[in-house]
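To start, the structure under review is shown below, and the notes come after it.
Below, each value reflects all heavy atoms present in this structure, side chains not excepted, and no hydrogens, waters or symmetry copies. Counting convention: from 1, in listed order, for ligands and their atoms alike.
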Amino acid sequence: MGGQGAAIDTVAVIGAGAMGRGIAQVSIQGGMNVLLFDAMNGAAAKAAEAIKAQLDSLVAKGRLPAADADAAKARLAVADSLEALAPADLAVEAIIENLAVKQELFGKLEAILRPDALLATNTSSLRIASIARSCKHRERIAGLHFFNPVPLMKLVEVIRAPATSDATIAALVKVGERMGRVPVVVQDSPGFLVNLGGRAYTQEALRIVSEGVATPAQVDAVMRDVWGFRMGPFELMDLTGMDVNFPVSQIIHEGYFYDRRLATSPLHQSMAESGQFGRKSGQGFFRYGEGGKGEVPSADAVSESAPITKVALAEDDDALAELLRGLGFEVSGFDDGQSPILCAPLGEDISSYAARRGFDHRRLFGLDLTGRTDQRLTLMQAPGAVRALRDGLVAQFIAAGRKVCTILDSPGFIAQRIAAMVANLGCEMAQIRVASPADIDKGMMLGLNYPLGPLALTDRIGPGAVLEILSQLQSITGDDRYRPSLWLRRRAQLGLSALTED
Ligand code: NAI
């Protein structure tokens, strides 16, 4: 009955809070016996009742056969002491997030459980190696990181510390599957996979708003309509809460030794420090009224002007010409000195484009052609743009049935800039072996509901185009934040998919 590699029949769950309950529930539903322990008197028994009630409600909704619920309930037992956990093949710790307390617990578990039993922690921010540091048999210690609420979130990160054995990882992957989860194997590094990978989406959005390019409502609308994200970055931050996501951003930035690519913005800190946490405090980037519904200002441009239909193209661009003709524009290659001039830059802002090509920046406007353009368009302008021309363009876009966001100058607009940062971080995670390319995509889709993984997103835009966007951003801003990952650069240079291993 050795834990490593052999079947795991009995799981000790230590800590019967939100996470421990969920872990116990999926364990008994997966056919394993559970010994549930909590340091607080009566907490484990109360949790056991809550788990049973949860199973009953699944039966009532017709989602679980009554016989399966009864069998699962029979596998759940409350342990009154740590010593009572001795028969366990695997212990999963889900107690308070405090290193010293976890280290002490692991020391005790090592003394109580068999030497070949597996020990796992559900920590979300501590290093597995630190928790295991004073243990003797560190090869059997790993992370088993679940997401809240456990029964609904399919992903589990199996985290490998430097001393963890392959057999331990293999056994935990199997246990994760038996619990009905989808396991991904992750290195013991700051933020593990999902919490690290999620930084780019929100932090680049904060950057764009901090630069005055667009409002939170516009950024959210663009990311939903252009790339199909279920939630925009600002509604997402309001949901998790600035009291949670700001410290996570700080820990990960520090953990990667202040890599500029992972830096968040002063705006994020201001929100956290002012107590504008989001949904839970009634005010974040948006206000939340009775019933928790967000009051989100409109992201859609309006125009009182007469539509302008005559435009010049800044350069030959079949995709842009086709889009504009489809929207009822008369497109010419000749600049008549009066009409708006349109371009579709990759990573370049309108100011740089106008200066490089010698165009009149007051009449030059950009459209973002990355992602979907059939719902919403993003129209970008340089400082000093002629407002009447912009409003005339907007009027025609609206007449043709498109929603439009009008934004100020930004290398990479909104959609391509955030997407390039998400893609680059996914590539960097593959490069530094946080997880395999396939697991990175799987983790981000299941853990954060992304419509596609960051490496698939890289392929969708094209590795060469992502590299171009980032290189432009890096050169225009002079900021190392936009430094392309070597993983991306090599795949772009060689014409390979971002999912290519090695
Ligand atoms: P919680 O506060 O709901 O539950 C913690 C439980 O542990 C409490 O019942 C407490 O009495 C018990 N406890 C504290 N010290 C103990 C000890 N020395 N021995 C035995 N029991 C002890 O916390 P929650 O949210 O369930 O989190 C638990 C762990 O899971 C933390 O490490 C947290 O970082 C991690 N985690 C939390 C997630 C979340 O969204 N809440 C997501 C992923 C991981």
**Request:** Answer yes or no: are there more than 12 heavy-atom neighbours, outside K73 itself, under 6.0 Å from its atom NZ?
**Result:** yes

**Message:** Quick check with a 6.0 Å cut-off and a 45 degree axis cone: is R224 positioned over the face of W227's six-membered ring?
**Reply:** no

**Request:** Could you name the option among I96, N122, I95 that has the heavy atom nearest to atom 31 (C) of ligand 1?
**Result:** I95

**Prompt:** Any protein heavy atom under 4.0 Å from atom 2 (O) of ligand 1?
**Reply:** no

**Asked** Is it true that atom CG of N148 has more than 12 heavy atoms of other residues, nucleotides or ligands lying nearer than 6.0 Å?
**Response** yes

**Prompt:** Between V101 and ligand 1, which residue portion shows a heavy-atom distance shorter than 4.0 Å: side chain, backbone, both, or neither?
**Reply:** side chain

**Request:** For atom 23 (O) of ligand 1, decide whether some protein heavy-atom distance is shorter than 4.0 Å.
**Result:** no

**Message:** Using heavy atoms and a 4.0 Å limit, tell me yes or no: is E104 in contact with ligand 1?
**Reply:** no

**Item:** Note: R140-E110 ion pair, threshold 4.0 Å (strictly below)
**Value:** yes

**Asked** Looking only at heavy atoms of L105, does any of them come nearer than 4.0 Å to an atom of ligand 1?
**Response** no

**Asked** For atom 11 (O) of ligand 1, what is the nearest protein heavy atom, given as residue, atom name and distance?
**Response** D38 OD1, 2.7 Å

**Item:** Crowding at CZ, R63 (>12 non-hydrogen neighbours, <6.0 Å)
**Value:** no

**Electrostatic pair R376-D225, nearest N-O below 4.0 angstrom** = yes

**Fill in**
With heavy atoms and a 4.0 Å threshold, my read on which part of A43 contacts ligand 1 is neither

